[in-house]
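Okay, so here's the structure we're looking at.
Atoms considered below: every heavy atom in the structure, side chains included; atoms not considered: hydrogens, waters and symmetry mates. Every chain is numbered from 1, with letters handed out A, B, ... down the list of sequences.
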Amino acid sequence: MEEVIRTGLARYEYRHFIIFGAASEFAAMATECAGDQGAWWEFHDEYLFEGRARTFTRAGAIEIAEREGLNIAQFTQCIDNEEHRDRILQMQQQGFAEGVNGTPTFRVNGEPGGRSLSAILDKVHQAAEAAEAAEGQEGG
Amino acid sequence: MGRYRWLVVLALGMGMAVAACGSGGGPVDQDGQPVSTETPRSERAEREATIMEQQAQQVAGQTAQDEPVPDTPIESGAGEVEDEAAASGVIDFGHREGLPFARNVVGDPDAPVVIVEYSDFQ
């Protein structure tokens with residue numbers, strides 16, 4: 001998937017879709033709080049690829065924040081006040097509205113993207129061709 | 001006694017056969033209880049399906065009471081962030097190194113295609 005992003009054909013957007021309860025919701029909020037300080041992807045990778053039970057706690061999130069050199073006072077205030085709860089809920093509701101019924105679910109230009117990488121890439125290329133054709137028509 | 005030895009062997013054999021049938025033929029734990037042979041993936045899928053069903057009902061209820069679900073995509077980097085510039089830049093680590101990002105979006109903001117992934121970190 002990196003290739004289509006690096007070549008400028010597509011951009012990738014991650015949306016939280018909480019199905020495993022409070023710990024997942026906390027991790028999502030911590031990631032959004034880290035995002036306020038430019039460390040969204042560091043937290044994303046930590047949770048998704050290195051995720052251990054401890055990191056899904058307040059203390060664990062603060063450890064990651066310290067390691068990433070974030071402003072801890074700002075970060076803890078953000079997680080304690082659940083400042084991004086509404087944003088996460090909005091993503092969740094958007095997911096339901098788009099018919100998401102499991103994770104991970106991919107969508108390509110608003111259409112179902114399939115589950116396998118090859119299916120997603122096929123959709124990306126189809127969508128790019130469609131976008132190019134539409135642009136050609138608009139241009140005359 | 002020797003002439004009845006075959007009866008003893010037969011009885012032992014039948015006993016073993018009954019024991020094997022009693023366990024359903026599947027693997028058992030130390031206490032003789034059946035052990036699931038399902039993969040973690042299928043267990044997760046079942047768990048997911050149950051949770052999804054409950055959450056869908058919950059959110060549907062909330063939505064009906066509160067406000068309609070927005071039908072427009074969620075803005076990249078949307079949120080109550082005082083300094084939005086701090087939430088964007090260029091990724092400087094890992095396999096996405098060098099790619100522009102804005103909070104939860106990575107790649108060219110003008111790219112003609114948007115791949116959205118809905119996921120849970122766990």
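- Interface remark: A23(A) contributes backbone and side-chain atoms alike to the contact with chain B (heavy atom separation under 4.5 Å).
- Distance NE2/H95(B) to CG/D45(A): 6.0 Å, rounded to 0.5 Å.
- In this structure the side chain of R11(A) never reaches within 4.5 angstrom of the side chain of D110(B), judged on heavy atoms.
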- [ ] Start with the C-alpha gap between T103(A) and D120(B), add the side-chain angles, then the distance that decides, and say whether side-chain hydrogen bond (donor to acceptor under 3.5 Å, both in side chains) holds.
- [x] CA-CA 7 Å; T103(A) 61; D120(B) 183 303; over 6 Å; no

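- To the nearest 0.5 angstrom, D108(B) atom CG is 13.0 Å from R6(A) atom CZ.
- Between chain B and the options V124(A), N109(A), I120(A), heavy-atom pairs under 4.5 Å are most frequent for N109(A).
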Open item on the list: Apply side-chain hydrogen bond (donor to acceptor under 3.5 Å, both in side chains) to residues Y118(B) and Q94(A) and explain how you reach the verdict.
Closed with: CA-CA 10 Å; Y118(B) 285 95; Q94(A) 184 72 40; 4.9 Å; no

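- Only one option out of R87(A), R15(A), H44(A) pairs with N104(B) in a side chain to side chain donor-acceptor pair (under 3.5 Å); it is R87(A).
- Heavy atoms of A131(A) lying under 4.5 Å from chain B belong exclusively to its side chain.
- The environment of E97(B) atom CD is dense: over 12 non-hydrogen atoms of other residues, nucleotides or ligands sit within 6.0 angstrom.
- By the 30° and 60° cut-offs, the orientation of the rings of Y47(A) relative to F121(B) is parallel.
- No chain of hydrophobic side-chain contacts below 4.5 Å, direct or via other Ile, Leu, Val, Met, Phe, Trp or Tyr residues, connects L9(A) to V114(B).
- The closest side-chain heavy-atom distance from F93(B) to W41(A) is below 4.5 Å.
- By the 4.5 Å heavy-atom criterion applied to side chains, S119(B) and F17(A) are not counted as neighbours.
- Connection of F20(A) to Y14(A) is not established within any shared hydrophobic cluster, with ILVMFWY side chains joined at heavy-atom distances below 4.5 Å, either directly or through further cluster members.
- Across E2(A), E25(A), M1(A), the residue that shares the most heavy-atom pairs under 4.5 angstrom with chain B is E2(A).
- Distance CG/L121(A) to CD1/I115(B): 7.0 Å, rounded to 0.5 Å.
- Using a 4.5 Å cut-off between heavy atoms, Q37(A) contacts chain B through its backbone alone, with no side-chain atom that close.
- Hydrophobic clustering places F43(A) together with Y12(A) (ILVMFWY residues linked when any side-chain heavy atoms are closer than 4.5 Å, directly or through intermediates).
- Hydrophobic clustering, with ILVMFWY side chains joined whenever heavy atoms are under 4.5 angstrom apart, keeps I88(A) apart from W40(A).
- For E132(A), no part lies under 4.5 angstrom from a heavy atom of chain B.
- Hydrophobic clustering (side-chain heavy atoms under 4.5 Å, transitive across Ile, Leu, Val, Met, Phe, Trp, Tyr) groups I72(A) together with F26(A).
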TODO: Please test R103(B) against E32(A) for salt bridge (charged side-chain N to carboxylate O under 4.0 Å, His left out), starting from the C-alpha separation and ending with a verdict.
DONE: CA-CA 8 Å; R103(B) 189 173 280 271; E32(A) 293 303 322; 2.7 Å; yes

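- For the atom pair I5(A) CD1 and R96(B) CZ, the distance stands at 8.0 Å (nearest 0.5 Å).
- Interface remark: T7(A) contributes no atoms to any contact with chain B (heavy atom separation under 4.5 Å).
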